[in-house]
Every structure is written in structure tokens, then in C-alpha cells.
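The shown structure was predicted, so the numbers you read here are calculated from the model rather than taken from an experiment.
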Amino acid sequence: MKFIVSSNTLLKNVNLIGGVINSNNTLPILDNFLFELDGSQLRITGSDLETTISTTLEVESNDNGKIAIPSKILTDTLKTFPAQPLTFIQKEGNTLEIVSEQGNYQLAFEDANEYPQTPDIEDASSTTLGASILSEAIIKTIFATGNDELRPIMTGVFFQASSDIFRFVATDAHRLVKYTRNGLNDLQAAEYIMPKKPLNLLKNILGGNNDDVTIEYNNTNTRFSFQNIVLTCRLIDGKYPNYEAVIPKENPNVLTINRNLFLTSLKRVAIFSNKTTNQVRLKLVGNSLTISAEDIDFANKAEERLPCDYNGTDLQIGFNSRFLIEMLNNLQSEEITLEMSEPNRAGIIKPVDGLEDGEEILMLVMPVMLNA
């Protein structure tokens, strides 16, 4: 097996899929990239058993064959080369030679037949979504997923599609994000829970891409295909909680405020909060918002007063500042609304502006009990 490929092109492609490879794999073969050559088409695959990514690129060759190449030594070597053609030659004794303008390098490769096969998605349903829509949906939701492995369904993002609406939901039981795209065409009804790792990989790969992504799924696996990339992953098994039931419908107290003003104030005041609870107090009276925090153990205290537009009764409510800051950081609007009912009921954050047609975002954050 012999082929010639641009060093930059090869590095770009192995970087795209390298994130799937774990630092300590259960199977040693998974420390490798699978290279499959079919004439001028080279397919490179990386996997951790749960998630598999393949990318296909053009090379100069008339050969066929497949080998498993150590991912770390290959990636580290490619990073050192200036742009140039590299020649890969399969030698006897499971040795691969790389020929560059600077010199020759040899490394041992593994038997490609030991590499796990990518699962087939049988009886698959299929839908198509714009890459920018999918990327934005992941960015807007993934930060709100949980990390509790005892509740695996909370560690992923819930994908829910109907004929023209696609919803993406994430929650860790303390906060919830529902991102909705309306007015989409010919979607098949679907409900499944996507794990966090492949979503992070997709987010990195999709950035700035304007192509359509084909999504195929059954009860156990899903596959995302676009351009020269195919990502296949195992779904999280289980039934997602009824998220609509926890979103309060009556929220008569509505705060409207400049997002950046609110965000920067929260960041400053939160520095003085208790490091265990991260609690900040919001006090709303008239058209004035007072944000305060206190850490009694260290006698730290901070308070800021901000102008706002508030419609509702006087209210004091506590929130985890880390959650509020993260939510506001993941919005791009000039202004946001914070809808509330009681100090012990969830608050609802929505952007006032900056949304595309058919785009809706709702962020829910649970309150924390205020100290007297």
C-alpha cells in the first residue's frame, strides 16, 4: 500500500477526528487511526467504541489496503511539518514508512482487522438539518447538561422533532434550556437522547459550516453525515423527563434588563459570594434591581444597584450566580427578560432580541433559599 498526501490536508483531517480517541482506552487498538485506502480515496476513522468518526480525503494512489496507525505519534509528527507532500509506504513486518522533504520515518502499525466495525443503523429514520442550526442548538444547550453518571439521561441533550419543529433540551435538575427551531421542512417525528461527547465533537467540526447534515437514527444509534465526515454514536438509553411540567406557566413578575449590564454586575458581585452556594440575591423594587452577595465566613459582601424595567410586585429571590452567568454568556441579545412568580419558584430567562426567524430560547433556573 502506497499513497501521497498533503501534510496540511492530512493534519486537518486527523485533527477533526482525533478528539474521539480516549487517553486510556479499554482496547489498545483504539489508540490507532484506521486508514482504509481505495484508489485515490483515503478514509480515516477514530473510535472509542461509543462514538466513531470517519473522514474521507483525496490522495495520489492506485492501491488498496487498510492498516491501523498509532494516532499520537502520527499527529505529533504531522504538526512539525511545513506544507509539503508526504509519501506513505507499507513495508514488510508491519512497518509504515513516511517520506518527507526532511527525511524518512518508520513506525509500527497494527492489524486493521482488529479495529471495531462501525455499527450499521438498521431500520433507520432520517431527517436533514442545516449545519448552522445544529451547531447553534448544541452550543445553546450542552452547557446545561448534568454530569451525574447515576442519571445518564440527564448527561445528554434531548432531540425532539415533529413535522416542522425541532426542539433541543438539556437539564441537570437545577437549570434547563429549551432551544426550538420552527418552520423547518419535512421533519420525521423523533425523540432520542444524544451523549455529550459526540455533541462536543460535532460542535467543533460544524463551526462555520453551511451545509446540510443528514441525521439517521434508530433505537440505539444515530449517524450524522455531512461533506466528507460521518459521525456515528450510541444513544443514551432511557426516557427523558417531562420537561414541560417543570416550566412554570404563570410568571407575573417580569424584569427586562440589558444583558451585558446584568452579566458584568453579576460577575463582580459573585466574587464576594459564598463559594459553596454561589448565592446572589436579587431585590426588585419599582424600576430598580439590587444585586447582592455575602460570605459570612470571610466577612465578604458586595451590592450593586442597576436600572431596569420591572413589572410586578416587590420581590427578593436568590439564584446560583454561576448558573445565571453561564446562561447569560450563552445568549447574544441586547436585552433579556427574567420572568418570576415566587421566591421558591423557577425563574425563566428569555432573549428579547437577536433571534432568527423561527428561533426560540427558554432558559430556566431554580432559585436557592435566601438566608434571612
So does D357 have more than 12 non-hydrogen atoms from other groups sitting under 6.0 Å from CG? no

Indicate yes or no: at least one non-hydrogen side-chain atom of L86 is less than 4.5 angstrom from one of V99. no

Show the numbers, then the answer: is there a side-chain hydrogen bond (donor to acceptor under 3.5 Å, both in side chains) between S100 and Y105? CA-CA 8 Å; S100 75; Y105 320 87; 3.2 Å; yes

Can you check salt bridge (charged side-chain N to carboxylate O under 4.0 Å, His left out) on E244 and K178, steps first, answer last? CA-CA 9 Å; E244 291 288 359; K178 180 175 74 169; 3.0 Å; yes

With a 4.5 Å cut-off on side-chain heavy atoms, are I257 and L338 touching? no

Above 12 or not: heavy atoms from other molecules or residues under 6.0 Å from CD of Q102? yes

For K196, I'd like to know if atom NZ has over 12 heavy atoms of other residues, nucleotides or ligands within 6.0 Å. yes

Look up atom CG in L42 and atom NZ in K66, then write down how far apart they are to the nearest 0.5 Å. 13.5 Å

Please walk me through it: do S7 and Q84 pass side-chain hydrogen bond (donor to acceptor under 3.5 Å, both in side chains)? CA-CA 6 Å; S7 59; Q84 62 179 287; 5.4 Å; no

Nearest-0.5 Å distance that lies between atom CG in N22 and atom OG1 in T51: 9.0 Å

Using ring-ring contact (aromatic ring centres under 6.0 Å, His included) as the criterion, list what pairs up with Y310, not counting sequence neighbours. none

Quick one: do R281 and F319 satisfy side-chain contact (heavy atoms from CB on, under 4.5 Å)? Show the steps, please. CA-CA 7 Å; R281 179 191 299 250; F319 290 110; over 6 Å; no

Going through the distances and angles, do R322 and H174 end up as a side-chain contact (heavy atoms from CB on, under 4.5 Å)? CA-CA 11 Å; R322 188 168 61 83; H174 302 290; over 6 Å; no

Mind running side-chain hydrogen bond (donor to acceptor under 3.5 Å, both in side chains) on N104 and E97 for me, showing each step along the way? CA-CA 7 Å; N104 295 30; E97 182 177 27; 2.8 Å; yes

Close side-chain approach of T222 and I215, heavy atoms under 4.5 Å: yes

Residues C233 and P195: closest non-hydrogen pair is SG-CD, 4.2 Å

Closest heavy-atom pair and its distance - L30, I21: O-CG2, 3.5 Å

Please tell me whether V59 and M1 are part of a single hydrophobic cluster in this structure, the criterion being side-chain heavy atoms less than 4.5 Å apart. yes

Whether over 12 other heavy atoms sit under 6.0 Å from R268 CZ: yes

Check the pair D31 / N25 against side-chain hydrogen bond (donor to acceptor under 3.5 Å, both in side chains), numbers first and verdict last. CA-CA 7 Å; D31 294 335; N25 286 299; 2.8 Å; yes

F272 and K301, any side-chain heavy atoms less than 4.5 Å apart: no

Check: N329 and L263 side chains under 4.5 Å, non-hydrogen atoms: yes

Are F168 and F166 near enough that their ring centres are under 6.0 Å apart? yes

L328 and L284: same hydrophobic cluster, using ILVMFWY side-chain contacts below 4.5 Å? yes

Do D164 and L187 have side chains that get closer than 4.5 Å, going by heavy atoms? no

With no hydrogens and no angle check, is any side-chain donor or acceptor of T145 less than 3.5 Å from a backbone partner on I142? yes

Are I291 and K283 side-chain neighbours, meaning at least one heavy-atom pair lies under 4.5 Å? no

Electrostatic pair K350-E360, nearest N-O below 4.0 angstrom: no

Applying side chain to side chain donor-acceptor pair (under 3.5 Å), name anything that partners E335, two or more places apart in sequence or on another chain. none

Less than 4.0 Å between a side-chain N and a carboxylate O, is that true for D172 and R151? no

Would a single hydrophobic cluster contain both V254 and L261, if residues Ile, Leu, Val, Met, Phe, Trp and Tyr are joined by side-chain heavy-atom contacts under 4.5 Å? no

Nearest 0.5 angstrom please: K72 NZ to N32 CG, how far? 13.5 Å

Would F88 and S61 satisfy side-chain contact (heavy atoms from CB on, under 4.5 Å), going step by step from the backbone distance to the final call? CA-CA 10 Å; F88 287 72; S61 179; over 6 Å; no

E326/R175 ion pair, N-O < 4.0 Å: yes

Joint cluster assignment, Y217 & I121, ILVMFWY side-chain distance < 4.5 Å: no

From N62 CG over to S40 OG, what is the distance, rounded to the nearest 0.5 angstrom? 8.0 Å

Rounded to the nearest 0.5 Å, what's the gap from CZ on R345 to CG on N253? Could you check? 11.5 Å

Is the shortest side-chain heavy-atom distance between I361 and L331 below 4.5 Å? yes

Could you walk me through whether L324 and S321 pass side-chain contact (heavy atoms from CB on, under 4.5 Å), step by step? CA-CA 5 Å; L324 283 180; S321 60; 5.6 Å; no

Heavy atoms of G286 and D314 approach each other most closely as N-OD1, 3.9 Å

Under 6.0 Å from the CD atom of Q117, do we count more than 12 heavy atoms belonging to anything else shown? no

Please check if the number of heavy atoms outside I4 that lie under 6.0 Å from its CD1 is greater than 12. yes

Using 0.5 Å steps for rounding, measure from the OG1 atom of T56 to the CD1 atom of I44. 8.5 Å

What is the minimum heavy-atom distance between I336 and P351, and which atoms define it? CG2-CA, 4.2 Å

